[in-house]
Amino acid sequence: MKKFITLSLFIFITCYGLPALAQTQKLTINEAVLGKGTTLAPKSLNQLCWLPNQSFLFSYVKNDSLFIENQRSRKRDFILSMEQLRNISGNKNLTTFPHLQWTSPEEILFTIGRKTFIYNIHSLQLTKSLFLPEEASRLDYFGKKGKLAYTYQNNLFVASNKETVSISDERNKEISYGQAVHRNEFGIEKGTFWSPSGNLLAFYRMDETMVKNYPLIDYMHPVAISKNIKYPMAGDSSHQVKVGVYDLITKKTVYLKTGAPLDHYLTNLSWSPDEKSIILLELNREQDHLKANLYDATTGDLIRTIFEETDKAYVEPLNPPLFSKVNPGIFYYQSRRDGYNHIYQCSTDGKLFKQITKGDWEVTKLLGFDTKEQNLFIESTEAGPLERQIYRVKLSSGKETRITTDEGIHAATLSPDGSALIDQFQGPTVPNEISLIKTNGSLIRTLIKSDDPLKNYQLGENKLVTIKAADGKTDLYGRIILPPNFDPKKKYPVIVYVYGGPHSQLVNKSWLNSAMLWQYYMADRGFIAFTLDNRGTSYRGSAFETVIHRHLGVNETADQMKGIEYLKSLPYVDSNRIGVHGWSFGGFMTLNLMLRHPETFKVGVAGGPVVDWKMYEVMYGERYMDTPQENPEGYRDANMCLKADNLVGKLLLIHGMQDSTVVMQHNILFLESCIIRGKQVDFFPYPTHEHNVRGKDRIHLMNKVSEYFEEHL
């Protein structure tokens, strides 16, 4: 469920020295729901990136036009406009600038409708125009060869100006090629992988014939349509994956001989620089034993296991090995084997395994290296779990030098030669600032510094709080938003917004402290808005996260109740009027809080909740809970249907009827449990939506949630 977590935002403190009378506007529900992505978004530069193999050039889209700038001379060149794109594509109705991909310093790729174009910025002409099938997807272009890999239905193809080659011709729709596998867990986002020269293409083959069909019902037809999806539930048969290697010259495919059991996980893979071999990170079904295996790309034979990694809870590989550009036998690997995510230098012969970064903090991103590969650059939490700062690390000694200094969140991209960074920063009083900096930390220049888009709005105070976890020793970080014109002599109701699951962090030192505008909207209606990141969430190390293993909902709820204790200690909190709202894992947590502590919560709104982990998918569910056969007690204790008799407060359940992530059966079975026990609940389905309610319908959703709290809390 990590895929549905909201993007982090930045802290907002109501007093910037502006006249109080200027802050008179109130957020509308439309602004509260959609504003941060539209009218109230901080100014920025879209599609900002370095050009490949260029030390000083970067590009961005601004005012519906593409520009290239030289970071040294500051010269800016206009490249392409929306009107030109309309003429190139023949699509006169084009209104959104397409996503652009630089395939070389001279060529960009973009797709409009069913056509994919390669445009040369020097000749101002198209060099290629590929017409693809209407349902073609997962485009993966290799510029040096002019080859485009794509999937159509369940098969994989490679197209060029001369021909289109079918890599697979599978008639069974339950077997697919070139798609992301394992339900996009383990950091997997794609299904094709070009070799360094582009002569070979590695790809996933996924066989789902052994996975049960699960029906989703589409009621938007005169006669409802049942659409089957493959949904492997915890403890049941999972799909089986192979890795194939297609040779574009011989037009033959070999498969890596990954062996049994067939349902183990083939996660992240990387080509060796000489493209003779592939490193594949393989994980057992139990997810507690990983092998980094080296395979011969020509024969598919296993050459050796480079190293292994085990953990009593789980091992979760999220990043592919990254090969050195100066020493082809060396690669870099990210692991939590010492309790925190750090970088290791390894050799393909298995003789070198050296830890580069160390400490009670996490590397959150490996940015790259300088030209001679003497230093690597990282983003990390070393300054604290609520921050992201950029560091240079000397490979020979591990010595670190902090590059960025401003408190907050820095997201950087390294120039191809490792001499400069594009640093996008948001902090306590900075909605968005994009700068060019040298890797010694000195400023080259600021590209954009956004004004505060909320400066004229009347918003309540937003502050961070630190609370001890239920273990009595671990610090937890929370955020509290008070109503505008706050009166400490009054008693206010509280809405707790919760997620609480792995791969999440709802509170950090970014604009608004990462709060949603909707929380300000509710504060303006007289509610206190509160959020706490409990143990089990991210960026605090393995022990902090894995405390939830085999007992989802228990320690997370205990920590959230420490947040409730803090709230009740505040003289202005009405302890009889506390509500809770969350979605997905947050919906599960909403039910946990309502049903484990019915004396505390007057109102709850649970969106898309997991109710019974036996009905959640294999990869995520078994990682945190093991199988139902191995952990019957843990599954029973986490089954909200068995706790429905505890319900006291008002509860609204919401679900997308086309949800293929948390299927609606969860809410349906909970409703039946409430009926059996004589418990009244409210339920609202969204007929056409999947796991999240998006677009204009999201305004409808949040209006309903808001009105429910206003009416009952």
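Within the 4.5 Å cutoff, the side chain of K190 has no heavy atoms near those of the R138 side chain. The shortest distance between side-chain heavy atoms of Y477 and T466 falls below 4.5 Å. No side-chain heavy atom of V241 sits less than 4.5 Å from a side-chain heavy atom of T258. Using a 4.5 Å heavy-atom cutoff, the side chains of Q374 and L395 are not in contact.
In terms of the side chain to side chain contact (heavy atoms under 4.5 Å, CB included) criterion, residue partners of K147 (sequence neighbours excluded) are, by chain and number, K145, V158, S160, W194, L248.
Between R72 atom CZ and F56 atom CZ the span is 3.0 Å, to the nearest 0.5 Å. The line from CE of M619 to CD of E316 is 13.0 Å long, rounded to the nearest 0.5 Å. A distance of 6.0 Å separates OG in S504 from OH in Y499, rounded to the nearest 0.5 Å.
The backbone N or O of V315 lies less than 3.5 Å from no partner atom in the side chain of Q287, so there is not a single donor-acceptor pair. Using modelled atom types, one side-chain atom of S270 and one backbone atom of P321 make a donor-acceptor pair closer than 3.5 Å. In this structure, the side chain of S415 engages the main chain of A420 through a donor-acceptor pair within 3.5 Å. Without hydrogens or angle criteria, T546 side chain to H549 main chain gives no donor-acceptor distance under 3.5 Å. Between the side chain of T103 and the main chain of L109, no donor-acceptor pair closer than 3.5 Å is present. Judged by distance alone, with hydrogens and angles left aside, the side-chain atoms of W50 form a donor-acceptor pair with the main-chain N or O of T413 at under 3.5 Å. The backbone N or O of E387 sits nowhere less than 3.5 Å from a side-chain atom of H410 that would complete a donor-acceptor pair.
Crowding of D475 atom CG: a count of heavy atoms from other residues, nucleotides or ligands under 6.0 Å exceeding 12. Other residues, nucleotides and ligands place more than 12 heavy atoms under 6.0 Å from the CD atom of E163. Within 6.0 Å of CZ on R402 lie more than 12 heavy atoms contributed by other residues, nucleotides or ligands.
R388 forms a cation-pi arrangement with Y539, by the criterion of a distance under 6.0 Å to the ring centre and an angle within 45° of the ring axis.
Applying the salt bridge (Lys or Arg N to Asp or Glu O under 4.0 Å) test to residues at least two apart or on different chains, the pairs with a partner in residues 441-450 are E69-R445, E433-K449. The salt bridge (Lys or Arg N to Asp or Glu O under 4.0 Å) contacts involving residues 329-346 comprise E309-R337, R336-E362, R336-E545, where partners must be two or more places apart or lie in separate chains.
Using modelled atom types, one finds a donor on one side chain and an acceptor on the other under 3.5 Å when comparing H289 with E308. Checking Q355 against H342 by side-chain atom types alone, no donor-acceptor pair falls below 3.5 Å. With hydrogens and angles left out, the side-chain atoms of N293 and T305 include a donor and acceptor closer than 3.5 Å. S538 and Q505 are not linked by any side-chain donor-acceptor pair at a separation below 3.5 angstrom, with hydrogens and angles left out of the test. For T151 and S137, the side-chain atoms include at least one donor-acceptor pair closer than 3.5 Å. Remark: the S450 side chain and the N432 side chain contain no N/O donor-acceptor pair separated by less than 3.5 Å.
The aromatic ring centroids of Y204 and F193 lie less than 6.0 Å from each other. Between Y332 and F369, the ring center distance clears the sub-6.0 Å criterion.
Using cut-offs of 30° and 60° for the angle between ring planes, the H182 and Y265 rings count as perpendicular. Using a 30° and 60° split on the angle between ring planes, Y177 and F203 fall in the tilted class, from 30° to 60°.
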- Report the C-alpha separation of S277 and I303 in whole Å, then their side-chain angles, then the decisive distance to 0.1 Å, and conclude whether the side-chain contact (heavy atoms from CB on, under 4.5 Å) test is met. CA-CA 9 Å; S277 57; I303 300 173; 4.2 Å; yes

- Task: Assess whether side-chain contact (heavy atoms from CB on, under 4.5 Å) is satisfied between Q424 and S44, documenting all intermediate values.
- Result: CA-CA 9 Å; Q424 184 161 337; S44 189; 4.1 Å; yes

- Task: May I have the step-by-step check of salt bridge (charged side-chain N to carboxylate O under 4.0 Å, His left out) for E185 and R623, ending in yes or no?
- Result: CA-CA 11 Å; E185 295 291 332; R623 180 185 313 136; 3.1 Å; yes

- Going through the distances and angles, do E407 and K509 end up as a salt bridge (charged side-chain N to carboxylate O under 4.0 Å, His left out)? CA-CA 8 Å; E407 181 184 56; K509 290 183 178 179; 2.8 Å; yes

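Only one option out of F331, Y333, W271 pairs with F323 in a ring-ring contact (aromatic ring centres under 6.0 Å, His included); it is F331. Among W102, F58, Y60, the one residue that satisfies the side-chain contact (heavy atoms from CB on, under 4.5 Å) test with C49 is W102.
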